[in-house]
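Worksheet for the structure shown next.
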Amino acid sequence: MSNGYAGRAWLCLWHAKEEDDSIPRAITTFLIIAIVTLTFLVFSVFRKRNNSKAPLPPGPRGVPFLGYLPFLGSNLHRKFTELAETYGPIYKLQLGSKLYVVVNSPSLAKEIARDQDMTFANRDPNIAATISSYGGRNIAFASQGPYWRNLRKLFVRHLMSNASLDACYDLRRQEVRKVLRDLYRKSGVPVDIGELTILILINAMMAMLWGGTLKGEKREAAGAEFRKVVEEFMVLLGSPNVSDFFPALAWLDLQGVERDMKRVNQWFDDFLQSVIDCATGGRTNELFKKEGESERNEQKRDFLQIFLDVEMDLEDNHSPMDKNRALKAILKDIMIGGTDTTSTMVEWVMAELLRNRNMMDKVIHELTEVVGDDKMVEEHHLPKLKYLDAVIKEAFRLHPALPLLVPRTPHASCVVGGYTIPKGSNVFLNVGYIHRDPTIWDRPLEFRPERFLEDPSKYDLSGNDFTYMPFGSGRRMCAGLPLAERMLTFSLASLLHSFEWELPQGVELELSDKFGIVVKKLNPLVAIPRPSLSTPELYMSR
Ligand code: HEM
């Protein structure tokens, strides 16, 4: 019987005389209620089956409208760890109108980053990231597809290859040597290690990006300005923004994040454009003509020059303007993705070594053996520094710069660990938690580099072992790993070989951290350098 027919029958019977029709009327009413209920039940079961057989992951309850937002606090990584203790290997959080899923076990991380890597290969950039990436058009935030694939291929093949990195070694070495010279002059004076290393990283990155293009004072001036801009950029990228949790309110830009990011981004953009113009000797639309070629320095091939010479296959649109934008997006990927992360790790390693003097002694002993105290560190020494390598790996385990990686977004609903992860949700791989899991690591809170020496082939940084992945894993893992490894080890080896480091008198070293897009030490590390090389002339070498 259709609902329309049942409805008409019920109306007829209802208007019949009460005394004649009370029984049929009751039966009909009962039948109609039964049919409507049955239809509703069948429909909801059918809908549930159609959607998925698996439930959503468990998770804490929030409050109406805001979800779990009021309970998150400012140290996201610690809150996520606390929740993992209660809800287990996978849980969900409703934050405003968005659903977040946190994964806390190696086996589920493998399901995401290997078994279903393709499904989870998208990102959902927040508003600040969307602005800074030209609407998700850089490597870090582009959705997977031909554009992202080609951009990443270009980056990895042409910039991160051993040949390219060897070709620009001289450019980054000069920057490290310059800092060592300055430090020599400041011997005995307390130094903020974080400030020192971000300076090394920004100057070295700038040298590699356009060091053969922009020289001398122009570059020095740009370095100081750049540091301020990169800092502001990182704060804006990591700020919790109401507009991200409630897209319907985004037009109000309540915290002004969108406004501020547009301003900072404009500075960045103008600067990059002027460097590109300088390299090409022409305007944007002449980018891929070879007019500026004669002025280029072929001896020191910077990244910009490598890029300008490469055929860019960006698939969707081949207009010169688009290539120009892709180029700027990649330059930003390197400046933003590569400087703060690497310098933060230098600071963590130095802090752990200053706290564990016996390990510091072992590192110094190894450097003396491999390099000699009458020489400066060179990149060819690095593969022989096995103990320093283990110290760095252990620092990545206990203090991963991005303990939640960069969230991934599935392009379709799927099932992980028996739970549905809906399309479009944001998925965090909680690497910080996995790296301290006592079921995986013996005495996980101890800093013990020896664990990486026991079986050196077991752990590397390439994300193949899901118990250890400070650079992520799968197709979205860090694209800059080869450069990060070289820069981090070279900077640390140079600082530790050229100087003895000690804490200022009375300073108590503690290792608490603070959450941000990169997790840093809460209190800056301050230490005093004293020259340790055999002759002062070595510090003056270039
Ligand atoms: C110690 C230094 C660094 C650490 C700890 C680090 C860590 C990471 C992590 C965890 C991710 C996300 C991986 C994922 O989602 O699975 C990432 C992505 C990325 N990193 Fe790094 N990174 C470092 C240095 C660098 C450097 C030096 C560069 C550039 C030269 C760089 C460029 C990128 C890019 C472009 C992405 C996005 C990849 C994509 O989405 O396809 N990173 N990095």
Side-chain angles (χ1 to χ4, degrees), residues 165-166 168-205 207-208 211 220 223 342-343 345-392 395 449 483 485-505 507 509 524-542:
L165 292 179
D166 286 346
C168 61
Y169 168 48
D170 198 37
L171 292 168
R172 57 184 175 273
R173 185 177 70 156
Q174 279 179 19
E175 295 304 322
V176 174
R177 293 280 159 87
K178 200 155 77 198
V179 170
L180 298 181
R181 269 199 305 280
D182 290 349
L183 266 184
Y184 181 74
R185 290 189 198 107
K186 287 184 202 148
S187 155
V189 177
V191 172
D192 181 326
I193 304 285
E195 272 186 17
L196 177 81
T197 52
I198 190 78
L199 193 77
I200 299 181
L201 262 297
I202 288 195
N203 287 343
M205 288 295 181
M208 281 183 281
E220 297 260 314
T342 314
S343 71
M345 288 314 300
V346 174
E347 191 177 8
W348 278 121
V349 173
M350 290 291 284
E352 286 289 5
L353 288 178
L354 281 162
R355 202 165 70 139
N356 297 284
R357 290 305 315 194
N358 60 330
M359 296 173 196
M360 175 77 99
D361 293 345
K362 280 190 192 170
V363 169
I364 290 169
H365 178 73
E366 180 178 70
L367 281 162
T368 312
E369 293 272 292
V370 172
V371 183
D373 61 10
D374 55 347
K375 290 196 193 68
M376 304 293 272
V377 176
E378 300 288 349
E379 265 189 8
H380 67 78
H381 293 124
L382 305 185
K384 295 183 200 131
L385 301 171
K386 303 288 182 210
Y387 190 73
L388 179 61
D389 180 62
V391 167
I392 291 174
L483 177 59
E485 253 189 304
R486 285 193 193 210
M487 270 311 296
L488 179 58
T489 319
F490 184 57
S491 311
L492 274 166
S494 299
L495 290 174
L496 292 164
H497 182 56
S498 308
F499 297 94
E500 270 171 28
W501 294 88
E502 63 187 26
L503 292 172
Q505 279 245 312
V507 168
L509 182 59
L525 175 67
V526 175
I528 300 173
R530 296 193 198 282
S532 56
L533 292 175
S534 57
T535 58
E537 290 73 44
L538 282 169
Y539 293 92
M540 300 306 140
S541 65
R542 297 187 179 253

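Position 1 is the first residue of the sequence, and the numbers go up from there.
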Can you tell me how far the [atom1] atom of [X] sits from the [atom2] atom of [Y], to the nearest 0.5 Å?
| X | Y | atom1 | atom2 | result |
| --- | --- | --- | --- | --- |
| Ile200 | Met487 | CD1 | CE | 7.0 Å |
| Leu538 | Leu533 | CG | CG | 5.5 Å |
| Ser343 | Met205 | OG | CE | 9.5 Å |
| Met208 | Tyr169 | CE | OH | 12.0 Å |

Open item on the list: Whether Arg173 and Asp170 form a salt bridge (side-chain N of Lys/Arg under 4.0 Å from carboxylate O of Asp/Glu) is what I want to check.
Closed with: yes
Q. Under 4.0 Å between a Lys/Arg side-chain N and an Asp/Glu carboxylate O for Arg177 and Glu378?
A. yes
Side-chain contact test, heavy atoms from C-beta onward, threshold under 4.5 Å: evaluate it for [X] versus [Y] and give yes or no.
| X | Y | value |
| --- | --- | --- |
| Phe499 | Leu180 | yes |
| Thr197 | Leu495 | yes |
| Arg172 | Glu175 | no |
| Leu492 | Val391 | no |
| Leu165 | Leu483 | yes |
| Ile193 | Trp501 | yes |

Taken in chain and number order and not counting sequence neighbours, the residues that satisfy salt bridge (Lys or Arg N to Asp or Glu O under 4.0 Å) with Asp166 are Arg486
Q.
For a side chain to side chain contact (heavy atoms under 4.5 Å, CB included) check, start with the C-alpha distance between Ile392 and Glu485, then their side-chain angles and the critical distance, and finish with the verdict.
A. CA-CA 10 Å; Ile392 291 174; Glu485 253 189 304; over 6 Å; no
Applied to residues 348-367, the side-chain hydrogen bond (donor to acceptor under 3.5 Å, both in side chains) test, sequence neighbours excluded, yields Glu352-Asn356, Glu352-His399, Lys362-Glu450
Exercise. When you look at Leu183 and Leu196, which way does the side chain to side chain contact (heavy atoms under 4.5 Å, CB included) test go after all the steps?
Worked result: CA-CA 9 Å; Leu183 266 184; Leu196 177 81; 4.0 Å; yes
Heavy atoms only: give me the nearest [X]-[Y] pair and the separation to one decimal.
| X | Y | answer |
| --- | --- | --- |
| Pro504 | Ile528 | CA-CD1, 3.8 Å |
| Ser532 | His497 | OG-O, 3.0 Å |
| Tyr387 | Met359 | OH-CG, 3.4 Å |
| Val526 | Pro190 | CG1-CB, 3.6 Å |
| Val370 | His381 | O-CD2, 3.9 Å |
| Leu171 | Ala207 | CD1-O, 3.4 Å |

Using modelled atom types only, decide if a donor and an acceptor are shared between the side chain of [X] and the backbone of [Y] within a distance under 3.5 Å.
| X | Y | answer |
| --- | --- | --- |
| Tyr184 | Ser498 | no |
| Ser494 | Val377 | no |
| Glu347 | Leu525 | yes |

> Between Lys386 and Asp389, is a salt bridge (Lys or Arg N to Asp or Glu O under 4.0 Å) present by the stated rule, with each step listed?
Replying inline: CA-CA 5 Å; Lys386 303 288 182 210; Asp389 180 62; over 6 Å; no
